[in-house]
Amino acid sequence: MGILIYEKHGRGGFVETCGHIARQIGDGKAPTGHRLTILNTLLVCQECYNVLGFETFSSLSQLPIQDIVVSTDGRMERFEAAYDALPGRSCVCAHCLAEIENGAKSVNE
């Protein structure tokens with residue numbers, strides 16, 4: 001997880017999101033979609049997940065980082081292309097996200 005400095009929580013971690021999830025969080029709603037942990041945590045809505053093809057490489061989430069970086073089957077390249085195409089990609093404070101989720105899991109893991 002990366003580190004940023006936020007006005008409310010100070011130095012802390014962040015989670016990347018598509019613009020749709022960022023809007024949900026900005027509205028104070030627990031995000032609905034998919035949580036992928038590929039090099040960092042990424043939350044994407046169902047639409048972005050489907051349209052950009054995240055299901056084709058979501059299995060990268062189950063690999064150790066050293067295997068992800070050196071994968072030769074093209075999944076990492078497809079992930080990078082989908083990641084680059086995410087509309088409105090944003091960083092959200094991990095503390096703020098945890099406060100919103102308030103213990104209720106609504107993002108698929």
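It should be emphasised that the depicted structure is a prediction, and the values quoted were computed from it without experimental measurement. Every heavy atom of this structure was used, including side-chain atoms; hydrogens, water molecules and symmetry mates were not.
Across L52 and A85, no two heavy atoms sit closer than the pair CD2-CB, 3.8 Å. Among all heavy-atom pairs drawn from T41 and R35, the shortest one is CG2-CG, 3.9 Å. Closest approach of V44 and C18 over heavy atoms only: CA-SG, 3.9 Å. Contact record, A82 with F54: CB-CZ, 3.8 Å, taken as the closest heavy-atom pair. Across all their heavy atoms, H34 and Y49 have their closest contact at CD2-CG, 3.4 Å. Residue C45 comes nearest to I21 through the heavy atom pair N-CG1, 3.5 Å, listed as atom of the first residue, atom of the second, then distance.
A side chain to side chain contact (heavy atoms under 4.5 Å, CB included) with P31 is found for one member of V92, V15, L97 and no other, namely L97.
Ring-plane geometry between H9 and H95 is classed as tilted, the angle between the planes lying from 30 to 60 degrees on a 0 to 90 degree scale.
In this structure, the separation between CG on L42 and SG on C48 is 9.5 Å, given to the nearest 0.5 Å.
The salt bridge (charged side-chain N to carboxylate O under 4.0 Å, His left out) pairs that include a residue from residues 84-98 are E16-R89, where partners are two or more places apart or lie in different chains.
With S90 contributing its side chain and G88 its backbone, the two residues share a donor-acceptor pair below 3.5 Å.
Remark: R23 engages H20 in a side-chain contact (heavy atoms from CB on, under 4.5 Å) (not counting sequence neighbours).
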